[in-house]
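Each ligand, and each atom within it, is numbered from 1 in the order the structure gives. Here the structure is a predicted model, which means the values were calculated and not measured.
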Amino acid sequence: MNQRLRELARLIFNLIQNIEVFFLRLFGIIDFPVPPNSNMRRTSAKTIKHYIYSGITTYLPIATLAQYLGVNFDEKIKALDFGCGGAGQLRMFTKHFPATHFYACDVDPSSIDFIKRCYPQVNSCVSNFKPPLPFESNQFDLIYSVSTFSHFDAETIDIWLLEFSRILKVNGILLLTIEGEFAIKVVADETAESPELIKLELEKSGIFYKNYDWLGTLQKRGRALTKSVDISTYFGSAYGNTVLGRKFIDEKFNNHGLKVMGVSEGIICERQDLIALKKLA
Ligand SMILES: C[S@@+](CC[C@H](N)C(=O)[O-])C[C@H]1O[C@@H](n2cnc3c(N)ncnc32)[C@H](O)[C@@H]1O
């Protein structure tokens, strides 16, 4: 379908969902802000029900693991949601941990517009695709990120680990979701590659990365109809599907003063792994 028609369709979906949200709120069925449908779709949630479900099922293991690793949300700690999207996780974190000072960043300006409007207590900003982030060094007790490292190539992974290490406090915790061996079959389906090829890449180089082929085409076309339906201009040229092998994690994540504390396989949305890291002294 023509790109402009797709953008028009996204605007129509936004309008329909706005009407749905209006009535859901009116009848007291929901009591929280819902991002525009086009923002939700960028986090792969097509419906409000899926937005709620994926938010809760990603928030829960992250919040549980963070507390297990010593993060105390009842104190005035600082936590950063990197690649916050439409607040899928932030919605839950801000509701359950009002004492924590939350920060959020995303390359997508329309997501940050939503956060600023609906979560004014969160310190949010539009960030660049590559570091640095506009934060001073050694200040965060916790950084978490859902579904960003599942799209980065090896170089982008490395520069972000270095940047997270810079802004984390000593003993600060970093929780990242990634696609690992657990997700090979589903990534193979989505990328139209064979699971064997992905396994081979993991054995060879520790990482399977395939660029989104639509991204370059869209970026060449330039601006979208509106900021709300722009899905390409803020990404760098390398953005796609990434699968990481255990060897890659052990070698590349135990780096820049970070130490891998553990990997919980398949715990996120029945496909992603959750990696826990700590910044060493
Ligand atoms: C798949 S979505 C996940 C959003 C949210 N974490 C969630 O789970 O609902 C990935 C998000 O990361 C953002 N993102 C991708 N690359 C980024 C980068 N280099 N810096 C900041 N945000 C980024 C995207 O704009 C998008 O909102």
Student: At what distance is the nearest protein heavy atom to atom 17 (C) of ligand 1, and which residue and atom is it?
Tutor: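 Checking every protein heavy atom, the shortest distance to atom 17 (C) of ligand 1 gives V107 CG2, 3.8 Å.
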Student: Within the 4.0 Å heavy-atom shell around R42, which atoms of ligand 1 are there?
Tutor: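 Every atom of ligand 1 under 4.0 Å from some heavy atom of R42: 1 (C), 2 (S).
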Student: Tell me which one of Q89, E163, M40 gets a heavy atom nearest to atom 8 (O) of ligand 1.
Tutor: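 Among Q89, E163, M40, the closest heavy atom to atom 8 (O) of ligand 1 comes from Q89.
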Student: My understanding is that we take every heavy atom of each candidate and find the minimum distance to atom 20 (N) of ligand 1. Doing that for F82, Y234, F129, which one comes out nearest?
Tutor: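 Closest candidate by heavy-atom distance is F82.
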Student: Examine ligand 1 and decide if any of its atoms is less than 4.0 Å from a heavy atom belonging to C84.
Tutor: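 True for this residue.
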Student: Are the charged groups of E196 and K199 less than 4.0 angstrom apart, N to O?
Tutor: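 Judged by the 4.0 Å cut-off on N to carboxylate O distance, E196 and K199 do not form a salt bridge.
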Student: Ignoring hydrogens and angles, state whether a donor on the side chain of S111 or R42 is under 3.5 Å from an acceptor on the partner side chain.
Tutor: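 The answer is no; no qualifying pair exists.
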Student: Just heavy atoms, cut-off under 4.0 Å: does A45 contact ligand 1 by side chain, backbone, both, or neither?
Tutor: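 Near ligand 1, A45 shows nothing, with every heavy atom at 4.0 Å or more.
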Student: Under 4.0 Å from any heavy atom of S127, which atoms of ligand 1 are there?
Tutor: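 Counting atoms of ligand 1 from 1, those under 4.0 Å from S127 are 21 (C).
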Student: What atoms of ligand 1 come closer than 4.0 angstrom to any heavy atom of D108?
Tutor: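 Every atom of ligand 1 under 4.0 Å from some heavy atom of D108: 25 (O).
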Student: Any idea which heavy atoms bring F182 and E270 closest together, and the distance?
Tutor: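 Looking at all heavy atoms of both residues, the shortest contact is CE2-O, 3.3 Å.
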Student: Who gets closest to atom 15 (C) of ligand 1 by heavy atom: Y239, Y59, W160, Y51?
Tutor: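 Looking at heavy atoms only, the winner is Y239.
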Student: Look at the side-chain heavy atoms of Ile, Leu, Val, Met, Phe, Trp and Tyr, link any pair under 4.5 Å apart, and say whether L65 and V146 land in one connected group.
Tutor: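 The answer is yes; both residues are in one hydrophobic cluster.
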Student: Would you mind checking if K185 and D189 are paired as a salt bridge, meaning a charged N to carboxylate O distance below 4.0 Å?
Tutor: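 A salt bridge is present here (some side-chain N lies under 4.0 Å from a carboxylate O).
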Student: Could you tell me whether D106 approaches ligand 1 through its side chain, its backbone, both or neither, with non-hydrogen atoms closer than 4.0 Å?
Tutor: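 Near ligand 1, D106 shows its backbone as well as its side chain.
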Student: As an exercise, identify every atom of ligand 1 less than 4.0 angstrom from a heavy atom of T148.
Tutor: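 Those atoms are 12 (O).
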Student: Does a side-chain N-to-carboxylate-O contact under 4.0 Å join E7 and R10?
Tutor: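 Salt bridge between E7 and R10, a charged N being under 4.0 Å from a carboxylate O: no.
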Student: Scan side-chain atoms only and decide if D230 and S110 contain a donor-acceptor pair under the 3.5 Å cut-off.
Tutor: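 Checked: D230/S110 side chains show no N/O donor-acceptor pair below 3.5 Å.
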Student: Taking the basic N atoms (NZ, or NE/NH1/NH2) and the acidic carboxylate oxygens, is any pair closer than 4.0 Å for E155 and K130?
Tutor: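 Salt bridge present between E155 and K130.
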Student: What do we get for K130 next to ligand 1 when only non-hydrogen atoms under 4.0 Å count, side chain, backbone, both or neither?
Tutor: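 None of K130 does.
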